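First the structure, in the form of structure tokens, and then the observations on it.
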Amino acid sequence: MRVQSSATGPTAIAVDGPGTESGARSLGTVQAALGVVAFSLTFPATAWGLEGFGPWSLIAVRSILAAVIAGGCLLALRVPVPERRHWFGLAVVGAGVVLGFPLLTTLALQTSTTAHAAVVVGLLPLTTALLSALRIGTRPSRTFWIAALAGAAAVIAFTVQQSGGALTAADAYLFGALLVCAAGYTEGGRLARVMPGWQVIGWALVLCLPVTVPMAAVALSFEPVHLTAHGVAGLLWVSVGSQFLGLVVWYRGMAAIGIPKASQLQLAQPLLTLVWSVLLLGEHLTVAAPLTAAAVLVCIAVTQRARG
């Protein structure tokens with residue numbers, strides 16, 4: 001409890017208690033969930049973007065567009081440059097989330113369906129929780145780990161069933177994407193505790209401009225561009241929705257509820273992506289999809305209730 005005073009004495013009493021903390025965690029869960037929804041559209045939007053752009057061009061241009069929006073916000077609000085001690089973490093966010101994950105998954109989607117890529121990347125929550133434990137020292141409960149491993153097992157089983165028991169060449173890109181993205185999420189979640197989430201991704205995007213601008217110049221000179229409605233729509237979504245707005249709410253959510261619990265919400269992302277792949281790309285789901293969805297949602301419920 002705290003008392004707010006004026007010159008004439010106490011004027012109001014504000015109570016800080018479990019209700020306030022619970023409300024903040026609930027809001028954090030909603031924000032993280034909105035981030036998951038935004039990310040679930042990334043693969044279908046990337047598939048659309050590849051209809052009009054080459055893979056290297058798409059990655060570079062999406063990052064530049066997102067950086068322009070983020071940089072404009074930073075300038076307009078006169079946000080001070082982060083302290084030197086935060087730049088390493090921002091560089092990891094940039095390397096993993098801004099460059100590494102989009103590049104590796106885009107290369108994978110040239111030979112893989114969005115459904116296959118989505119379920120492989122379904123291992124991202126477990127990977128993020130593991131890196132979080134190593135980097136930040138988080139110690140989730142045994143129940144949390146059992147539920148997380150069960151969810152990961154369901155995703156792996158679905159992946160193997162979908163691919164006929166054999167992994168594709170694109171899986172090498174996807175597994176690499178898991179590692180770099182989990183590193184970026186872990187550092188971003190840590191930084192979001194000391195600065196607003198939108199500033200974390202904003203500075204990471206700006207930090208990558210010396211790489212993305214030359215990349216765009218070279219890629220656009222070698223890769224043909226065919227402007228189509230799908231290509232432009234896909235580019236705009238991965239730039240604004242996935243690369244900026246989605247990461248803003250995602251990092252805010254991680255800061256509020258913790259990296260391990262937020263990461264487990266992403267167990268729902270592959271199934272959401274499968275839905276979008278049917279609605280937007282005309283891909284076909286197997287009967288295993290709703291069964292996997294049910295198993296994954298149960299695991300999410302358990303991880304969100306587990307202590308730690």
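Nothing here was measured: the structure is a model prediction, and the numbers come from that model.
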Side-chain contact, heavy-atom cut-off 4.5 Å: [X] with [Y]?
X: Thr228; Y: Trp48; value: no
X: Val98; Y: Ile201; value: yes
X: Val278; Y: Val275; value: no
X: Trp198; Y: Leu74; value: yes
X: Leu41; Y: Leu280; value: yes
X: Thr114; Y: Leu281; value: yes
X: Phe53; Y: Thr106; value: no
X: Leu107; Y: Gln110; value: yes

Worksheet entry | side chain to side chain contact (heavy atoms under 4.5 Å, CB included) evaluation trace for Trp203 with Val79 | CA-CA 10 Å; Trp203 286 116; Val79 177; 4.0 Å; yes

N/O donor-acceptor pair under 3.5 Å between [X] side chain and [Y] backbone:
X: Glu223; Y: Ser57; value: yes
X: Ser277; Y: Leu274; value: yes
X: Trp87; Y: Pro82; value: yes
X: Ser239; Y: Ala66; value: no

Are [X] and [Y] connected in the hydrophobic side-chain network, where two residues link if heavy atoms are under 4.5 Å apart?
X: Leu27; Y: Leu245; value: no
X: Val93; Y: Leu207; value: yes
X: Val92; Y: Met195; value: no
X: Leu50; Y: Leu235; value: yes
X: Val213; Y: Val68; value: yes

If I compare all heavy atoms of [X] with all of [Y], which pair ends up nearest, and what's the gap?
X: Gly94; Y: Ala204; value: N-CB, 3.9 Å
X: Thr113; Y: Leu109; value: O-CD2, 4.0 Å
X: Tyr251; Y: Gly184; value: OH-O, 3.3 Å
X: Val238; Y: Thr42; value: CG1-O, 3.9 Å

Spatial distance of atom [atom1] ([X]) from atom [atom2] ([Y]) [nearest 0.5 Å]:
X: Leu265; Y: Gln31; atom1: CG; atom2: CD; value: 12.0 Å
X: Cys181; Y: Leu174; atom1: SG; atom2: CG; value: 12.0 Å
X: Leu178; Y: Tyr173; atom1: CG; atom2: OH; value: 15.0 Å
X: Ile64; Y: Ile59; atom1: CD1; atom2: CD1; value: 11.5 Å
X: Ser40; Y: Leu271; atom1: OG; atom2: CG; value: 10.5 Å

Item to complete: Output, in order, the C-alpha distance, side-chain angles, deciding distance and verdict of side chain to side chain contact (heavy atoms under 4.5 Å, CB included) for Tyr185 and Leu247.
Response: CA-CA 9 Å; Tyr185 280 173; Leu247 285 169; 4.0 Å; yes

Worksheet item: Would you say the side-chain atoms of Thr212 and Ser63 include a donor-acceptor pair closer than 3.5 Å?
Response: no

Item to complete: Take atom CH2 of Trp276 as the centre, draw a 6.0 Å sphere, and report whether it contains more than 12 heavy atoms from other residues, nucleotides or ligands.
Response: no

Worksheet item: So Phe39 and Trp250, would you call those rings parallel, tilted or perpendicular, with 30° and 60° as cut-offs?
Response: perpendicular

Practice prompt. Determine, step by step, whether Thr46 and Thr105 satisfy the side chain to side chain contact (heavy atoms under 4.5 Å, CB included) criterion, reporting the C-alpha distance in whole Å, the side-chain angles of both residues, the deciding distance to 0.1 Å, and the verdict.
Written response: CA-CA 9 Å; Thr46 299; Thr105 53; 5.8 Å; no

